[in-house]
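Since the model is a prediction, treat every value here as computed from it, not as a measurement.
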Number of protein chains: 2
Amino acid sequence: MKATINDVAKLSGVSIKTVSRVMNNEPSVRQLTREKVQAAVKELNYQPNLAARNLAGTKSYTIAYVYDNPNAYYVIDMQVGILEACRQQGFELLINPCDSQQENITEDIINTIKQARVAGLVLTPPFSENPAFVQRIIELDIKVVRIMSGDSAPDELSPCVMVNDRDAAQTITQHLIDLGHKKIAFIAGEAEHMSTIERYKGYRRALKHNNIEFNKNLLIEGEYSFDSGVQGAKQLMSTNNLEENRPSAIFSCNDEIAAGALFASRLMDINIPEQLSIAGFENSPFSRQTWPKLTTANQPNIEIAKNAASILIGQIRKKQNCNNTSQYVPQLVIRDSTGKYS
Amino acid sequence: MKATINDVAKLSGVSIKTVSRVMNNEPSVRQLTREKVQAAVKELNYQPNLAARNLAGTKSYTIAYVYDNPNAYYVIDMQVGILEACRQQGFELLINPCDSQQENITEDIINTIKQARVAGLVLTPPFSENPAFVQRIIELDIKVVRIMSGDSAPDELSPCVMVNDRDAAQTITQHLIDLGHKKIAFIAGEAEHMSTIERYKGYRRALKHNNIEFNKNLLIEGEYSFDSGVQGAKQLMSTNNLEENRPSAIFSCNDEIAAGALFASRLMDINIPEQLSIAGFENSPFSRQTWPKLTTANQPNIEIAKNAASILIGQIRKKQNCNNTSQYVPQLVIRDSTGKYS
DNA sequence: CAACAAATTGACAGCGCTGTCAATTTGTTG
DNA sequence: CAACAAATTGACAGCGCTGTCAATTTGTTG
């Protein structure tokens, strides 16, 4: 009932090896032969058996998504994008949620990917930002593609899909400046995250471009959490805080922090955006569900993931070389949490 | 480097077939032999090659999670639980996000699972609530386990993991009644969802137990969305609405609706919980990030999913029979969005 | 202890592919 | 068109398991 490579071979009058060649896009097949085989493949709706492929070949047709991220929407989007690429290219996806803080996590992951004969890894932060980890994986001849924050790849270890948080953060800050704000606070995420650093750089660059002096009292070193947003906003807006250090706008490093800042503002009876503008970053689904709805920056995560997985699969198939790096710039989404300075 | 079944056979002095028997927990192996093999397996850290298993056997060692759910946190939890069970039992997981409304979706799914030789399916709503779909899958001799709302399986088609939303909804409503509320509104999700029906039944049962007459003007037929919560609360709390039809508490069918109701209350300058209590359902992560934080009901989704997958794998291994149904009751989580009637 | 049934074990084929290497075909040169 | 190189194709083994069925071992009976 399900067509095998034998059926295709018979129908197209070639050997199974040639069918195999066509299925794997190998170069040394005549165009005419290729077309005959492809016609048979279409007619029989043939799809190669992944188990057999994995067993027979030295190559593997499995890639893995190794992640440690509390943001379910991000993870799902990544997954959906990676799955799309896998389906198109006849690859399998192994999902590996894990705890990057766990002892021996590197060896654990290596064990898992060896076990499953994984050919490549899609990495997102924090794994993608750990060069030692990436190095270790690549030494095992496992391909890697990294999704990370920045405008260009930090090294030549692997192809990267860069998300230009810096430019996006600059745009957001500029949006606040355009609204008339001058005292703009920044609540940072974990300092060791590239995204924090990049977003901060964008913030600083926007200030500089507009000749606004940076006030270090407006910088809160927080973390990517709701609570951190609450604490940060409380500290900034407290009446104990000097008037000059109380901002008229807060750029939060992500939407969760922004939601926290919103929450704190409620507690302090500060009206948003009349008395204070708050911007987030990420365009997570709940950024539409806060009150007021958050101004933020949107990243096309599914597309980013799909692109990353395609690059990875290309690597594995050796059709593409290593310096295949692409860049995405998150786009400003203006909603109700930011308004004119008054 | 990686141990194969041959290595284990040699080390333990038996044939590979016997090792295979031990690995698959087949009965007709002497205890002594079994132990010898298990010792060798442990020493060599042997794990069967999934590709070879899938290729050689008529059985498959792959299960799939077919879902269509906009709630990423739910999906991720399901996935993590299912993955845990798979890892423990040496199964592979195929993830299949899809659109249940799409034409020919049933055939599409069947195609995919045939293609991947999937042995069983974990189904969550809406798929688990579609008997025709379940029937169709089972006819293909593919095992199914359904996760669904209710206190007992609706039929004998497959084992079910039941989530007793009815009891949980009754508990939430009772909580509101205990706070002194009598005019308790109910904003429903999609009427065709079992969860809506069950939660509604729990609500009604609590009213009845407390001799509170049901007022149909307090019932809003909504859907599981933030906007529906906004609309529902506006309609209920509007000053155009008769005083007697304005509730002092709203039980929202899920947290998203509750978040919407919270949002609408802000717009109408209604203080929560002083002037209005609002309860949600699901304990989604953002229920801790609303203002005020939502009172809700928590379901142990990871555990539910793991249990479901274990039952499914048991089915496939034929170790368990079909009537293996278990039940979970979501627990009340009291936070700040509900308060004493005043 | 013979005779048999039941329990346990193993030999061998084969799942559907890919890798290797040899055979064949095609194209190019003088 | 011979002679050769390059491109294209195919034969066959083998990946690591499981299924089938036969062989062997164990246990039971009179």
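The distance between atom CG of Leu32(B) and atom C1' of dT26(D), rounded to the nearest whole Å, is 13 Å. One interatomic measurement links the two molecules: CD of Glu26(B) to C1' of dT8(C), which rounds to 12 Å at whole-angstrom precision. Residue Leu44(A) contributes atom CG, which lies 15 Å from atom C1' of dG16(C) at whole-angstrom precision. Summarising the geometry, the separation between CG on Leu55(A) and C1' on dT18(D) is reported as 12 Å, rounded to the nearest angstrom. Distance NZ (Lys2(A)) to C1' (dG16(C)): 9 Å, rounded to an integer number of Å. Between the CZ atom of Arg117(B) and the P atom of dC17(D) there is a distance of 16 Å, given to the nearest Å. dG10(D) atom P lies 13 Å from atom CG of Asn6(A), rounded to whole Å. Counting to the nearest Å, the P atom of dC17(C) and the NZ atom of Lys10(A) are 13 Å from each other.
The listed nucleotides are dC17(C), dG10(C), dC17(D); the one nearest the side chain of Ile16(B) is dC17(D). Distances from the side chain of Ser20(A) to the nucleotides dC17(D), dG10(C), dT18(C) place dT18(C) closest. Checking dT9(D), dC17(D), dA11(D) against the side-chain heavy atoms of Thr4(B) singles out dC17(D) as nearest. In the set dG10(C), dG16(C), dT9(D), the nucleotide with an atom closest to the side chain of Val14(B) is dG10(C). Of the candidates dG16(C), dC17(D), dC17(C), dC17(C) carries the atom nearest the Tyr46(A) side chain, counting heavy atoms from C-beta on. Of the listed nucleotides (dG16(D), dG10(D), dG10(C)), dG16(D) has the atom at the smallest distance from the side chain of Ala56(B).
Base pairing of dT24(D) is made with dA7(C), judged by Watson-Crick or G-U wobble geometry with both donor-acceptor distances under 3.5 Å. Judged by Watson-Crick or G-U wobble contacts below 3.5 Å, the nucleotide dA2(D) has dT29(C) as its partner. Here dC17(D) sits opposite dG14(C) as a Watson-Crick or G-U wobble pair (both hydrogen-bonding atom distances under 3.5 Å).
The residue Thr18(B) sits close only to the backbone: its heavy atoms come under 4.0 Å of sugar-phosphate atoms, none of a base.
Between Ser28(A) and dT8(D), a side-chain N or O to OP1/OP2 separation shorter than 4.0 Å is absent. Remark: Lys59(A) is in phosphate contact with dG19(C), judged by side-chain N or O atoms under 4.0 Å from OP1 or OP2. Using a 4.0 Å cut-off, some side-chain N or O of Asn24(B) falls inside it from OP1 or OP2 of dT18(D). A close approach under 4.0 Å does not occur between any side-chain nitrogen or oxygen of Arg30(A) and OP1 or OP2 of dT8(D). Considering only side-chain N and O atoms, Tyr61(A) lies nowhere under 4.0 angstrom from the phosphate OP1 or OP2 of dG16(C). Distances shorter than 4.0 Å separate some side-chain N or O of Thr33(A) from OP1 or OP2 on dT9(D).
With respect to Asp155(A) and Arg146(A), a salt bridge is recorded, a charged nitrogen being found less than 4.0 Å from a carboxylate O.
Each of His193(A), Met162(A), Met194(A) was evaluated against Ser149(A); a single residue qualifies, Met194(A), per the side chain to side chain contact (heavy atoms under 4.5 Å, CB included) test. Screening Ile110(A), Val118(A), Val66(A), Thr106(A) for a side chain to side chain contact (heavy atoms under 4.5 Å, CB included) with Ile137(A), the sole residue that qualifies is Ile110(A).
Ring planes of Tyr73(B) and Tyr73(A): perpendicular class, angle over 60° (limits at 30 and 60°).
Nearest-nucleotide mapping onto DNA chain D: of Asn49(B) and Val29(A), the residue sitting toward the 5' end is Val29(A).
The shortest heavy-atom contact between Arg117(B) and Thr62(B) is O-CB, 4.3 Å.
A donor-acceptor contact under 3.5 Å links the side chain of Arg21(A) to the base of dG10(D).
In summary, the side chains of Gln88(A) and Glu84(A) do not present any donor paired with an acceptor at a separation below 3.5 Å, with no hydrogens or angles considered.
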